[in-house]
Amino acid sequence: MPQTRSAAKRLRQNKKRQDRNRAVKQMVKTHCRRVLKARQSGDMSLVDSEFRLAVKKIDQAAAKGVIHKNKAARLKSRLAERIVSQKSGATSPTKG
């Protein structure tokens with residue numbers, strides 16, 4: 001239990017930020033999963049639209065500081081690699 005008013009406020013702020021960050025991270029994961037699901041369906045127009053939306057959400061999360069900018073770049077790169085491998089018909093050397 002916080003002993004001072006400032007510590008109590010800090011606790012409240014941390015809880016709010018934790019909830020917000022958790023929601024943003026979950027949204028990023030959801031959109032990444034949607035891209036992979038669309039990729040399995042084979043509909044490339046759906047894959048492209050879902051990929052664009054996922055990249056937007058990843059960039060927003062990085063801009064808010066929820067995820068690191070290098071992690072955002074890595075996520076986008078890996079998603080793009082999977083999509084390109086789907087278009088070319090080759091199998092990706094990475095997991096998934």
Side-chain angles (χ1 to χ4, degrees):
M1 215 43 214
Q3 298 298 313
T4 62
R5 285 177 51 199
S6 61
K9 181 177 179 180
R10 177 62 58 197
L11 186 67
R12 291 192 307 269
Q13 288 175 333
N14 287 340
K15 178 69 173 126
K16 272 187 200 174
R17 288 186 183 121
Q18 179 186 25
D19 292 342
R20 192 176 307 128
N21 289 346
R22 188 176 288 155
V24 171
K25 284 181 183 181
Q26 191 59 46
M27 187 181 344
V28 167
K29 289 178 188 178
T30 299
H31 284 288
C32 289
R33 277 195 302 268
R34 283 185 185 174
V35 171
L36 298 178
K37 189 174 181 181
R39 177 180 162 247
Q40 286 181 343
S41 73
D43 184 8
M44 292 315 291
S45 62
L46 179 63
V47 171
D48 288 338
S49 64
E50 289 292 344
F51 177 70
R52 261 195 295 279
L53 189 58
V55 166
K56 179 180 177 183
K57 295 299 180 183
I58 291 169
D59 286 338
Q60 286 175 344
K64 290 179 183 179
V66 176
I67 61 174
H68 194 272
K69 63 177 185 170
N70 289 352
K71 180 175 181 174
R74 185 174 63 243
L75 287 173
K76 292 187 292 186
S77 175
R78 288 180 180 171
L79 276 177
E81 182 184 11
R82 287 183 173 189
I83 291 171
V84 168
S85 70
Q86 174 79 12
K87 285 181 181 177
S88 67
T91 58
S92 177
T94 59
K95 287 176 74 174

- Derivation and outcome, side chain to side chain contact (heavy atoms under 4.5 Å, CB included), residues Arg10 and Gln13: CA-CA 5 Å; Arg10 177 62 58 197; Gln13 288 175 333; 3.1 Å; yes
Calculate, to the nearest 0.5 Å, the distance between atoms [atom1] and [atom2] belonging to [X] and [Y] respectively.
{"X": "Leu11", "Y": "Gln18", "atom1": "CG", "atom2": "CD", "result": "10.0 Å"}
{"X": "Gln40", "Y": "Leu36", "atom1": "CD", "atom2": "CG", "result": "7.5 Å"}
{"X": "Gln26", "Y": "His31", "atom1": "CD", "atom2": "NE2", "result": "10.5 Å"}
{"X": "Arg74", "Y": "Ile67", "atom1": "CZ", "atom2": "CD1", "result": "9.0 Å"}

Between [X] and [Y], is there a shared hydrophobic cluster once you connect ILVMFWY residues whose side-chain heavy atoms come closer than 4.5 Å?
{"X": "Val84", "Y": "Leu79", "answer": "no"}
{"X": "Leu46", "Y": "Val35", "answer": "no"}
{"X": "Leu75", "Y": "Met27", "answer": "no"}

- Message: With side chain to side chain contact (heavy atoms under 4.5 Å, CB included) as the criterion, how do Lys25 and Val28 come out once you've worked through the C-alpha distance, each side chain's angles and the decisive distance to 0.1 Å?
- Response: CA-CA 5 Å; Lys25 284 181 183 181; Val28 167; 5.7 Å; no
- Please list, chain by chain and in numerical order, all residues satisfying side chain to side chain donor-acceptor pair (under 3.5 Å) with Ser6, sequence neighbours excluded. Thr4
Review item, side-chain donor-acceptor pairs of residues 51-60, under 3.5 Å, at least two apart:
residue : atom : partner : partner atom : Å
Asp59   : OD1  : Lys76   : NZ           : 2.7

Does [X] reach the main-chain N or O of [Y] with its side chain, forming a donor-acceptor pair under 3.5 Å?
{"X": "Ser77", "Y": "Ala73", "result": "no"}
{"X": "Glu50", "Y": "Asp48", "result": "no"}
{"X": "Arg39", "Y": "Arg82", "result": "yes"}

- Query: Any chance the side chains of Asp43 and Ser45 put a donor and an acceptor closer than 3.5 Å?
  - Reply: yes
